[in-house]
Amino acid sequence: QVQLVESGGGLAQAGGSLRLSCAVSGRTFSSTAMGWFRQPPGKEREFVAATDWSGRNTFHVVSVRGRFTISRDNADKMLYLQMNSLKPEDTAVYYCAGSGRFGLLVEADKYLYWGQGTQVTVSS
């Protein structure tokens with residue numbers, strides 16, 4: 001059984017920073033690609049960033065590229081999303097997800113495990 005618990009969300013001003021963390025339980029973390037998704041208010045869930053099992057290969061959606069960085073610590077079973085230069089349009093519930101596969105994935109329906117989400121609100 002794999003469980004994911006996000007933390008680090010909250011209220012930030014535009015231009016500010018937040019760091020989201022995702023603690024993962026389960027034996028397969030170090031061999032599993034991970035991702036971050038978000039769901040803005042009134043909108044559908046969308047892909048934000050992903051990393052392969054090693055952390056050496058990452059991909060970020062264009063809207064956050066250069067501002068957000070996904071990373072992982074396999075030893076501590078942690079996934080991170082460093083968010084800088086935040087914008088009001090980054091306001092959303094952020095979810096971490098585990099795919100159960102090695103390679104980097106961007107499609108939400110390829111992910112097997114999901115956290116409960118953490119709210120990020122960016123004020124202008």
Does any non-hydrogen side-chain atom of Met83 lie less than 4.5 Å from one of Arg67? no
Just by modelled atom types, is the Lys87 backbone N or O under 3.5 Å from a matching donor or acceptor in the Asp90 side chain? yes
For the residue pair Gly100 and Thr32, what are the closest heavy atoms and their distance? N-CG2, 3.1 Å
Find out if a path of hydrophobic residues (ILVMFWY) with successive side-chain heavy-atom gaps under 4.5 Å connects Trp53 to Tyr80. no
Got Thr118 and Leu20 here, is their nearest side-chain heavy-atom distance under 4.5 Å? yes
Looking at side-chain heavy atoms only, is the closest gap between Leu112 and Arg101 below 4.5 Å? no
Checking Thr91 side chain against Val122 main chain: does a donor-acceptor pair fall under 3.5 Å? yes
Taken to the nearest 0.5 Å, the spacing of Ser54 OG from Leu104 CG works out to 9.5 Å
Once side chain to side chain donor-acceptor pair (under 3.5 Å) is applied, do any residues pair with Asn74, and if so which ones, sequence neighbours excluded? Arg72
Which atom names give the shortest non-hydrogen contact between Leu4 and Cys96, and what distance separates them? CD2-SG, 3.3 Å
For residues Ser85 and Ser17, report the shortest heavy-atom separation together with the two atoms involved. N-OG, 4.4 Å
Give me the atom names and distance for the closest heavy-atom approach of Gly10 to Leu18. O-CD1, 4.0 Å
Tyr94-Phe59 co-clustered via ILVMFWY side chain contacts under 4.5 Å: yes
Verify the cluster assignment for Leu79 and Phe102: are they in a single hydrophobic cluster under the rule of side-chain heavy atoms below 4.5 Å apart? no
Does Arg45 count as lying over the ring of Trp114, i.e. NZ or CZ under 6.0 Å from the six-ring centre, within 45 degrees of the axis? yes
So, do Tyr95 and Phe37 have ring centers that fall under 6.0 Å from each other? no
Take atom CD in Gln13; do more than 12 heavy atoms of anything else shown fall under 6.0 Å from it? no
Contact between Val24 and Gln3 at the side-chain level, heavy atoms closer than 4.5 Å - yes or no? no
From OG (Ser30) to NZ (Lys77), nearest 0.5 Å: 7.5 Å
Look at the side-chain heavy atoms of Ile, Leu, Val, Met, Phe, Trp and Tyr, link any pair under 4.5 Å apart, and say whether Leu81 and Val106 land in one connected group. yes
From Ile70 CD1 over to Asn57 CG, what is the distance, rounded to the nearest 0.5 angstrom? 12.0 Å
For residues Met78 and Val48: do they belong to one hydrophobic cluster (side chain heavy atoms under 4.5 Å, members Ile, Leu, Val, Met, Phe, Trp, Tyr)? no
Taken to the nearest 0.5 Å, the spacing of Ser99 OG from Asp109 CG works out to 12.0 Å
Option passing salt bridge (Lys or Arg N to Asp or Glu O under 4.0 Å) with Arg38 (candidates Glu44, Glu6, Glu46, Glu89): Glu46
Is Ser71 close to Gln82 at the side-chain level, that is, under 4.5 Å between some pair of heavy atoms? no
Report yes if some heavy atom in the side chain of Phe29 is under 4.5 Å from a heavy atom in the side chain of Met34; otherwise report no. yes
Of all the heavy-atom pairs spanning Ala33 and Tyr111, show the shortest one and how long it is. O-CE2, 4.2 Å
Heavy atoms only: give me the nearest Ala92-Pro41 pair and the separation to one decimal. CA-CD, 4.4 Å
